[in-house]
Protein chains: 2
Amino acid sequence: MTDKLTLDEIARRAGVSRTTASRVLNNRPNVRSEIRERVQRVMAETGYRPHPVAQSLASQQSHVIGLVLPRRTEILFNDPYFPRLTQGIAQACNDHDYTLALFMMQSEADEQKFYPRISRKGLLDGIVIQVGQIGDDLIARLLASDVPTVVAGRPLQHPNANYVDVDNVAGACSAVMHLLHLGHKRIGMITGDMRTTAALDRYTGYCKTLQEHDLPVDETLISEGYFTEIGGYEAMQRLLPHKPDAIFSSSDAMALGALRAIYEAGLTVPKDIAVVSFDDLPPATIARPQLTTIHQPVHAFGVKAVETLLDVIKNGPTPPRRIIMETELVIRESCGSR
Amino acid sequence: MTDKLTLDEIARRAGVSRTTASRVLNNRPNVRSEIRERVQRVMAETGYRPHPVAQSLASQQSHVIGLVLPRRTEILFNDPYFPRLTQGIAQACNDHDYTLALFMMQSEADEQKFYPRISRKGLLDGIVIQVGQIGDDLIARLLASDVPTVVAGRPLQHPNANYVDVDNVAGACSAVMHLLHLGHKRIGMITGDMRTTAALDRYTGYCKTLQEHDLPVDETLISEGYFTEIGGYEAMQRLLPHKPDAIFSSSDAMALGALRAIYEAGLTVPKDIAVVSFDDLPPATIARPQLTTIHQPVHAFGVKAVETLLDVIKNGPTPPRRIIMETELVIRESCGSR
DNA sequence: GTAGTGATTGGAAGCGCTTCCAAAACTGTG
DNA sequence: CACAGTTTTGGAAGCGCTTCCAATCACTAC
């Protein structure tokens with residue numbers, strides 16, 4: 001109350017040196033328990049709270065990590081995926097006593113402006129960066145900086161970066177397999193934004209599975225939906241004339257759009273066209289019929305990204321961490337398999 | 001490269017004092033332009049980037065503001081509202097050279113843990129806190145702390161806090177007015193979570209408008225939907241037996257659920273039941289029919305919250321800022337008015 | 001009783017920057 | 001050309017904490 005409440009002041013009131021007060025504050029050993037208690041009491045009584053910035057400067061670690069969403073990714077914040085991911089990351093930060101700083105780049109200017117702040121040890125102890133479009137400049141520069149970085153998603157052009165990803169290829173495979181098992185032959189695909197690795201990998205899984213079953217990859221049955229509802233809607237409209245009997249959609253949101261297009265064409269799901277999508281986010285259960293979809297553990301994914309980052313911070317960047325998380329087919333109604 | 005790149009080092013290489021180097025770094029006057037250029041050149045050549053934490057400590061301002069989402073609000077992160085709000089806030093932070101720290105509380109423990117870090121000047125220059133449920137403890141404690149704070153939404157129990165809100169009452173009024181003009185008499189309402197002021201205010205606007213038109217407020221035509229799609233669906237199911245001819249839904253997401261329930265009951269919108277909702281977020285245009293809804297400027301709202309906060313930081317907390325933003329009726333298909 | 005051990009304590013030097021203040025250098029005036 | 005007034009400059013004191021290191025202390029073993 002009276003004086004500015006610094007650690008010095010606490011030390012003075014407890015009749016010890018600042019060093020000892022610091023030890024008590026940080027729960028370090030080598031303090032007589034009697035003294036420790038006395039200092040703790042003073043801290044409690046005065047409502048002392050250490051100055052985080054001073055701690056950061058002196059200890060050379062900020063206990064802050066940054067989540068960087070590059071330009072254009074931010075558009076996708078409409079998709080439930082990113083909010084959910086952010087939640088997972090925030091949760092993990094809380095659990096590990098880290099503060100989360102959010103860098104949502106909305107223009108090239110933003111990237112230029114923030115690069116100096118974040119690419120330097122000081123503000124941030126580490127960075128989780130979402131992969132953006134292939135060839136993204138920001139990610140390359142961040143990886144080259146001396147700040148520990150983990151990429152959320154597979155960075156195509158930086159194979160030895162630390163990254164966490166879901167097994168998109170395997171997920172797509174099991175989606176297509178499911179459709180094949182149900183007897184579908186003309187399986188179309190609505191892809192995500194093909195400038196992202198997630199979209200590419202799912203596409204790869206789709207092609208691979210068809211080929212392994214001696215089915216042709218028919219370009220007229222593939223259309224890009226850019227990961228948005230409206231994109232999925234338009235993609236489906238393009239696909240309909242080619243009479244697919246099943247669709248693999250690279251995201252739930254796009255599947256929602258596809259359903260709309262299908263109904264507007266007077267067809268029904270799953271009777272006329274079966275649909276499997278990817279994500280298993282809220283849209284999957286809101287849709288009628290409910291979507292059979294590839295579940296990806298978005299929340300856990302965010303947690304894992306943070307934990308991997310903390311591991312890198314603590315134990316250094318070598319060897320590169322590559323975490324691949326499993327997906328799982330969730331069967332609901334949109335395939336008519338039950 | 002060679003030595004640790006501090007301001008001292010820059011000063012040494014440029015042959016000036018650290019004070020002068022600091023002045024150049026911060027674009028302050030009283031430096032001969034010749035010297036200024038020399039220092040700038042050295043900074044550019046060496047790729048010098050100041051240590052943000054050291055700057056914070058010395059200048060007593062961090063250029064970081066916190067966005068606090070209290071417990072339970074975080075659940076609503078599924079609704080497109082919060083991601084969009086976050087985007088607006090992030091944008092404004094970027095534009096004003098502030099870093100955004102995100103505190104998404106997911107448990108009481110989180111709140112306890114972070115309170116000391118954020119309620120103290122140091123880490124954060126200011127806080128934008130989303131109103132949570134009425135009676136929320138955290139918001140009260142934050143308002144009592146010495147950190148400049150702006151509330152997003154009207155904090156019922158803290159009328160003289162700084163806050164930014166949309167005019168929920170007026171918005172609800174114009175929604176109901178629209179339905180009245182179209183000749184509807186049995187106008188039902190799906191409310192949001194009634195422990196929030198947004199839900200209460202919209203409910204108030206609904207009641208007020210009915211009363212002003214000498215219509216009864218019929219409890220059987222009102223049901224709580226908790227701001228979720230599924231909540232809206234269930235609320236609508238409860239309402240259907242009482243034969244409303246129109247529905248005012250307190251959010252787009254709930255309207256989506258309501259539409260589902262209406263269709264499942266074999267009725268159509270707008271023929272059998274007209275629907276007006278609130279938000280004008282992506283679900284409004286995805287829905288079939290597209291939703292007539294009260295547009296609220298979510299993005300601008302986030303921007304305004306930040307700008308108000310910066311104003312408070314700069315000019316002090318008095319007088320209390322109370323910003324109310326306007327809403328607007330957007331007519332689409334779900335009322336059949338065209 | 002004394003040397004040796006390990007646990008405790010505090011002095012002091014930072015961490016990398018801002019900013020107050022006094023000194024130095026320059027400007028223009030009579 | 002001296003003097004008051006204005007810029008420009010740098011020395012030094014912080015900002016509030018951590019941490020190295022040397023000093024002190026309490027014991028044990030001989």
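Quick note on labels: first sequence line is chain A, next is B, and so on, each numbered from 1.
Across A:F103 and A:G66, no two heavy atoms sit closer than the pair CE1-CA, 4.1 Å. The minimum heavy-atom distance linking A:P148 with A:L309 is given by the pair O-CD1, 3.5 Å.
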List every contact pair, protein side and nucleotides 4-8 of chain D side both N or O, where the distance is under 3.5 Å.
residue	atom	partner	partner atom	Å
D:dT8	OP2	B:N30	OD1	3.0

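Under the side chain to side chain donor-acceptor pair (under 3.5 Å) criterion, the residue pairs touching residues 55-70 of chain B are B:S62-B:D125, with sequence neighbours excluded.
For the 3.5 Å distance criterion, the side chains of B:R117 and A:T99 qualify, holding a donor opposite an acceptor.
Counting non-hydrogen atoms under 4.0 angstrom, B:V53 reaches nothing in the nucleic acid. Looking at heavy-atom distances under 4.0 Å, B:R28 makes contact with sugar-phosphate atoms alone, never a base.
The 5' end of DNA chain D is approached more closely, in terms of each residue's nearest nucleotide, by A:P50 than by the other of A:P50 and A:R23. Checking A:T20 against B:Q55, the closest nucleotide of DNA chain C that is more toward the 5' end is the one next to A:T20. Each of A:S59 and B:L57 has a nearest nucleotide on DNA chain D; the 5'-most of these lies closest to B:L57.
An OP1 or OP2 oxygen of D:dT9 is reached within less than 4.0 angstrom by no side-chain nitrogen or oxygen of B:T19.
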Walk me through whether A:D8 and A:R12 qualify under salt bridge (charged side-chain N to carboxylate O under 4.0 Å, His left out).
CA-CA 6 Å; A:D8 263 320; A:R12 202 184 57 68; over 6 Å; no
Between A:D311 and A:R321, does a salt bridge (charged side-chain N to carboxylate O under 4.0 Å, His left out) hold up when you go through it step by step?
CA-CA 9 Å; A:D311 174 29; A:R321 319 295 198 282; 2.8 Å; yes
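Under 4.0 Å is where a charged nitrogen must lie from a carboxylate oxygen, and between A:R41 and A:E37 no such pair does.
Counting only distance, with no hydrogens or angles, the side chain of B:Q87 and the backbone of A:Q106 share no donor-acceptor pair below 3.5 Å.
Protein chain B touches strand DNA chain C; the 5'-most and 3'-most nucleotides with an atom under 4.0 angstrom of its non-hydrogen atoms are C:dG16 to C:dC20.
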